[in-house]
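Values below: every heavy atom of this structure, side chains too, minus hydrogens, waters and symmetry copies. Here is how names work: the chains are called A, B, and so on, in the same order as the sequence lines, proteins then strands, and each is numbered from 1. Here the structure is a predicted model, which is why all the values come from computation and not from measurement.
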Amino acid sequence: MAMVDEPLYPIAVLIDELKNDDIQLRLNSIRRLSTIARALGEERTRKELIPFLSENSDDDDEVLLAMAGELGVFIPFVGGVEHAHVLLPPLESLCTVEETCVREKAVDSLCKIGSEMRESDLVDSFVPLVKRLAAGEWFAARVSACGLFHVAYQGCTDVLKTELRSIYNQLCQDDMPMVRRAAATNLGKFATTLESSYLNAEIMTMFDDLTKDEQDSVRLLAVEGCAALGKLLEPQDCVARVLPVIVNFSQDKSWRVRYMVANQLYELCEAVGPDCTKTDLVPAYVRLLQDNEAEVRIAAAGKVTKFCQLLNPELSIQHILPCVKDLSSDSSQHVRSALASVIMGMAPILGKDSTIEHLLPIFLSLLKDEFPDVRLNIISKLDQVNQVIGIDRLSQSLLPAIVELAEDRHWRVRLAIIEYVPLLASQLGIGFFDDKLGALCMQWLQDKVYSIREAGANNLKRLAEEFGSEWAMQHLVPQVLEMVNNPHYLHRMMALRAISLMAPVMGSEITCSKFLPVVVEASKDIVPNIKFNVAKLMQSLIPIVDQSVVDKTIRQCLVDLSEDPDVDVRYFANQALQSINGAAVA
Amino acid sequence: MNGGGGDGAASSGGGGGGPPQPLEWRFSQVFGERTAGEEVQEVDIISAIEFDKSGDHLATGDRGGRVVLFERTDNKDNGGSRRDAEQMDYTVRHPEFRYKTEFQSHEPEFDYLKSLEIEEKINKIRWCQPASGALFLLSTNDKTIKYWKVQEKKIKKISEMNIDPSKTPGQPSSSSPPPVVANGVHADPAHDYLSKFSFPPGGLPSLRLPVVTSLETSLVARCRRVYAHAHDYHINSISNSSDGETFISADDLRVNLWNLEISNQSFNIVDVKPTNMEDLTEVITSAEFHPIHCNMLAYSSSKGSIRLIDMRQSALCDSHTKLFEEPEAPGSRSFFTEIIASISDIKFSKDGRYILSRDYMTLKLWDINMDSGPVASYQVHEHLRPKLCDLYENDSIFDKFECCLSGDGLRVATGSYSNLFRVFGASQGSTEAATLEASKNPMRRQIQTPARPSRTISSMTRMVRRGSESPGAEANGNGYDFTNKLLHMAWHPTENSIACAAANSLYMYYA
């Protein structure tokens, strides 16, 4: 055992802890691997540290994950690009562990290193590594291999390239569905590095095989490949080879595949171009909107706006709108909810007349939906419709919906609508708000659920910001001040909470003249909770009001509270007093 | 998918030569044999048996929440010369296993919300496809499924370090507890110092990496994931999908679908819970994925039906694709009809063409392409019919016997009372029916009863009923021993070898 000089002590500990029994310490050391490498120097890092790490692949996953990440940026510490290949062995063994996130990280790091390596090293060490992994006994190795081909392929000789393509083809037909899934996932990436002649011949054959796979999970991933490959192919090839696959997929036996198509359709349309979209994909999309499986309709309904953006208004009205009408009365609430969250976006696409004629009825029926999420989704996107059809037409149908949501028996629904009130207020204008919504805002302050009361108080602050302090002085402050005398201590407390939130918005003058007297009065409350909340509130008022007010009123009040019989009241009063003194010193 | 010599399953009719010869079963091994008069500990009773796909490993679970692994010792010809192998062939070669390791999979728990004790008993074990050299399996008790990895790990012995822990008193050595701050981040006092430290370009020669000597390895089982809180009722089955990434778990009323990598969410795919629990007439008793088609799975019910569902059709598979039910024989209805119709276990054949089901009285083989009735039905407990009242009184009628098919699909087997199990030939024309006892001498209790098709009027032409005569020993003797029941058994995937559990003992037979 060697003793180490005093200044090297910390680094020595760091190195020793690479093998500590405590995983937290090992993790700490692995994360500082670059420090260890610098301490050992480049040569010993290559000759000792890296082999040492290669032996380490049965460590805990967290450690392996950290190691896989560190090694990806390790080229400078082993002496630059010409030595980059020494990093491959430890990462190769990490590519074979069973934990997916470790493997993925190792593959990432290998790709990073591979893309920096010299071409000759790539051929000498990186390509053989890929081949070894692809021939691995366990599927984990073969899965990892799939993610490395696009790096290995560049800069290879023609012979090697042919070999790599044929290996990839084998991986696409592997016995294990996990490997075929990895091959399907990475096909697009690999295809980008290929010469276009091979793209059409070989890659498309692999792709065709994958699209016919008997495992749904493989076909699912092939759907994503459609978009990626479509963008690489010439337009006419894309139409000839990818389009039929998409159309087939949209009628696949498995709803999960159709769901994937519905989700990806926008990208697929981009790949095949506008003409084919109109002739082939519109019918496909219409089928998806009418699918038997609700999950597929949910995905399709959620893309309605994006899809219509690709079409002209006539096509949308002719083909898509009838489906949208049906969906608005779909039996699944989740479908209606998905539709409600995007349908507003269609208004600008269709224009004012069509919106009023076709969209408004749908929109009104969704606003009356029995399921609160549907109504909420409509209200949250109000601004988009407002621009098209104007607020007057909206407000008559809107108000009942809002009032109903505001009084919904699920507090989460009430909470959601409160979040939208400031937005609504700004859209609907002061007049509308005063008439209809003002009373609701006060009602929330006395809700049975704390979260709602809290949100209600916050809402007042945001309204004050929106409409200005003068308006708030007239419409909000009197009610809040009145609440301080409420017989229920929770309501009194909420009034204090509202005051503390509103004070910064209302400014020093109103705070001193209106709020402070009430707060001082509240400090004589019989409930200790109120009193220490007063102390907290006073503390927050200190920066807002003048020093003279602090000295004259607040300090005295706090001093009184600091002699309260209740320990919590004394504690918060003293805290507040300290911050006065702190402010004075500063 | 032909495991053995014959490729025909039940109705293939045999390419020639008729049904295979009846097998002669021999005792192979026993683990945890009871000595005479030894009291069986409740926790030691085996509650699950499962071979892995290759047949090289066998796992058992017990009521004490332990999982025990066995590995095959024969045919592992690593290094063994060909001649040795041939010599071994001379003597009888059959799968032999040895104890590999064991681990505590589940512990007893208490659900405080429901004031419910959760037993540690292992209900099912399923092997997963290995991603690396390690072994992977799923084990479940009533509520929680766990994913285990069993791996050889090197025993580390650190022989050289920079700092000798014994010589540095007072310093933060690696053996002292690490200073950890509240949020779990390791507070490293050396951090600032090290980032400012400038190392010489050649490095510091006095520093060295710890030298680790590791000669021995040991098997370590690690729980990789816990799939919890998804079942309101007791889990009766788990089953892996052929896609290698998902599995299902079934309880009395629901079947959930999981991704192996995601333990915090699952999807409900079957829900038979009625809106009003008073309307409940049927529960799920067992569920299994199709061995090849990832979209198909079957589940059985307490009313004696098997439903095949296609997950491609819908996200929620409340409506089945196919329903397999035997029409009730008219006039035979009694108080026990429904109880004994309840299916305790179903298994797909290896090629996925057939489903074997076990109810209290019979084993039934179903062709998934024929939902009008079973292709074959084997009487297991017909002789108990007069005793149903007694069996109901002592709750034995609710015993859940498992069933299994041979890898080649030519035979089926299931357990019974008095530690007996029965093996039937499943290929057409076969009259094979053997009763064996889980002991060192399996043929001891067996009276050869050449089974023949029964001549009851109701027997349909396509259906072969066999073994309806009760084995003589029990019929004449003073009856069955209902405490010694052989519930759990498994057939080796490629060879004629059976593992079965008699209380705490694991018996293995070959033919």
Side-chain angles (χ1 to χ4, degrees), chain A residues 1-5 7-20 22 24-25 27-28 32 35 38-45 48-49 52 55 58 61 96-100 137-141 143 176-178 181 214-218 252-257 292-295, chain B residues 129-134 136 149 151-154 156 158 160-164 166-167 171-175 177-178 180 184 186 188-191 193-195 197 199-210 212 224 242-246 261 292-295 310-316:
Chain A
M1 300 263 174
M3 278 306 283
V4 177
D5 304 339
L8 292 181
Y9 192 80
I11 180 81
V13 171
L14 201 62
I15 293 176
D16 286 349
E17 283 176 354
L18 280 171
K19 283 290 173 194
N20 198 288
D22 184 336
Q24 211 52 48
L25 294 181
L27 213 66
N28 179 49
R32 320 259 340 256
T35 308
R38 283 193 299 142
L40 292 172
E42 291 169 358
E43 195 182 339
R44 289 185 64 202
T45 297
E48 294 176 32
L49 182 61
F52 173 83
E55 294 285 293
D58 67 346
D61 295 327
T96 63
V97 303
E98 75 289 341
E99 184 58 45
T100 313
E137 183 186 359
W138 307 103
F139 75 81
V143 166
M176 288 284 183
M178 302 79 156
R181 280 197 291 275
E214 62 178 23
Q215 287 281 342
D216 295 348
S217 53
V218 178
D252 197 279
K253 288 187 301 265
S254 168
W255 69 267
R256 284 167 71 199
V257 174
N292 277 329
E293 173 54 43
E295 296 287 337
Chain B
Q129 277 163 327
S132 56
F136 297 88
K149 172 187 175 187
Q151 185 189 25
E152 297 260 333
K153 248 192 155 170
K154 286 179 225 149
K156 283 185 290 185
I158 299 158
E160 235 172 284
M161 293 180 90
N162 288 303
I163 292 144
D164 188 343
S166 59
K167 289 183 189 166
Q171 289 284 6
S173 78
S174 40
S175 57
V180 173
H186 179 218
D188 187 0
H191 184 273
Y193 171 78
L194 283 176
S195 49
F197 199 89
F199 297 107
L204 299 156
S206 63
L207 290 171
R208 60 177 78 187
L209 290 165
V212 178
R224 306 304 306 271
S242 59
D243 68 11
E245 64 173 356
T246 54
E261 309 225 321
I292 299 161
H293 299 300
C294 60
N295 53 307
D310 183 355
M311 287 161 50
R312 282 181 184 164
Q313 283 184 344
S314 171
L316 218 106

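Residues A/D216 and B/D243 fail the side-chain proximity criterion, which asks for heavy atoms closer than 4.5 Å. Here the side chains of B/R312 and A/E293 are not in contact, with every heavy-atom distance at 4.5 Å or above. Annotation: side chain of A/E214 is in contact with side chain of B/I292 (closest heavy-atom distance under 4.5 Å).
Ranked by heavy-atom pairs under 4.5 Å with chain B, the first of A/E43, A/E55, A/M178, A/E42 is A/M178. Counting heavy-atom pairs under 4.5 Å between each of B/H293, B/K153, B/Q151, B/K154 and chain A puts B/K153 at the top. Contacts with chain B were tallied for A/A39, A/S217, A/P177; A/A39 has the most, counting heavy-atom pairs under 4.5 Å.
For B/Q313, the part sitting under 4.5 Å from any heavy atom of chain A is the backbone (N, CA, C, O) and nothing else. Both the backbone and the side chain of A/L40 have a heavy atom closer than 4.5 Å to some heavy atom of chain B. When heavy atoms are compared at a cutoff of 4.5 Å, A/E295 approaches chain B solely by way of its side chain, counted from C-beta outward. With a 4.5 angstrom heavy-atom cutoff, B/T246 does not touch chain A via any of its atoms. Both the backbone and the side chain of A/E98 come within less than 4.5 Å of a heavy atom in chain B. With a threshold of 4.5 angstrom between heavy atoms, A/L27 does not approach chain B through any atom at all. The contact between A/F139 and chain B is made by backbone and side chain atoms together, counting heavy-atom distances below 4.5 Å.
Shown here are the side chain to side chain donor-acceptor pair (under 3.5 Å) partners of A/D58, two or more places apart in sequence or in another chain: there are none. Under the side chain to side chain donor-acceptor pair (under 3.5 Å) criterion, B/Q129 pairs with no residue, sequence neighbours left out.
For the atom pair A/D61 CG and B/K149 NZ, the distance stands at 6.0 Å (nearest 0.5 Å). Summarising the geometry, atom NZ belonging to A/K253 is positioned 8.0 Å from atom CG belonging to B/N295; distances are rounded to the nearest 0.5 Å. The structure places CG of B/L207 at 6.5 Å from CD1 of A/I11, a figure rounded to the nearest 0.5 Å. Atom CZ of A/R256 is separated from atom CE of B/M311 by 6.0 Å, given to the nearest 0.5 angstrom.
Salt bridge annotation for B/R224-A/E99: present, with a cationic side-chain nitrogen under 4.0 angstrom from a carboxylate oxygen.
In terms of heavy-atom proximity, B/A131 sits nearest to A/A140 at O-CB, 3.0 Å. Between A/R181 and B/G244, the closest heavy-atom pair is NH2-C, 4.2 Å.
Counted within 6.0 Å of CD on B/E152, heavy atoms from surrounding residues, nucleotides or ligands total more than 12; the atom is thus considered enclosed.
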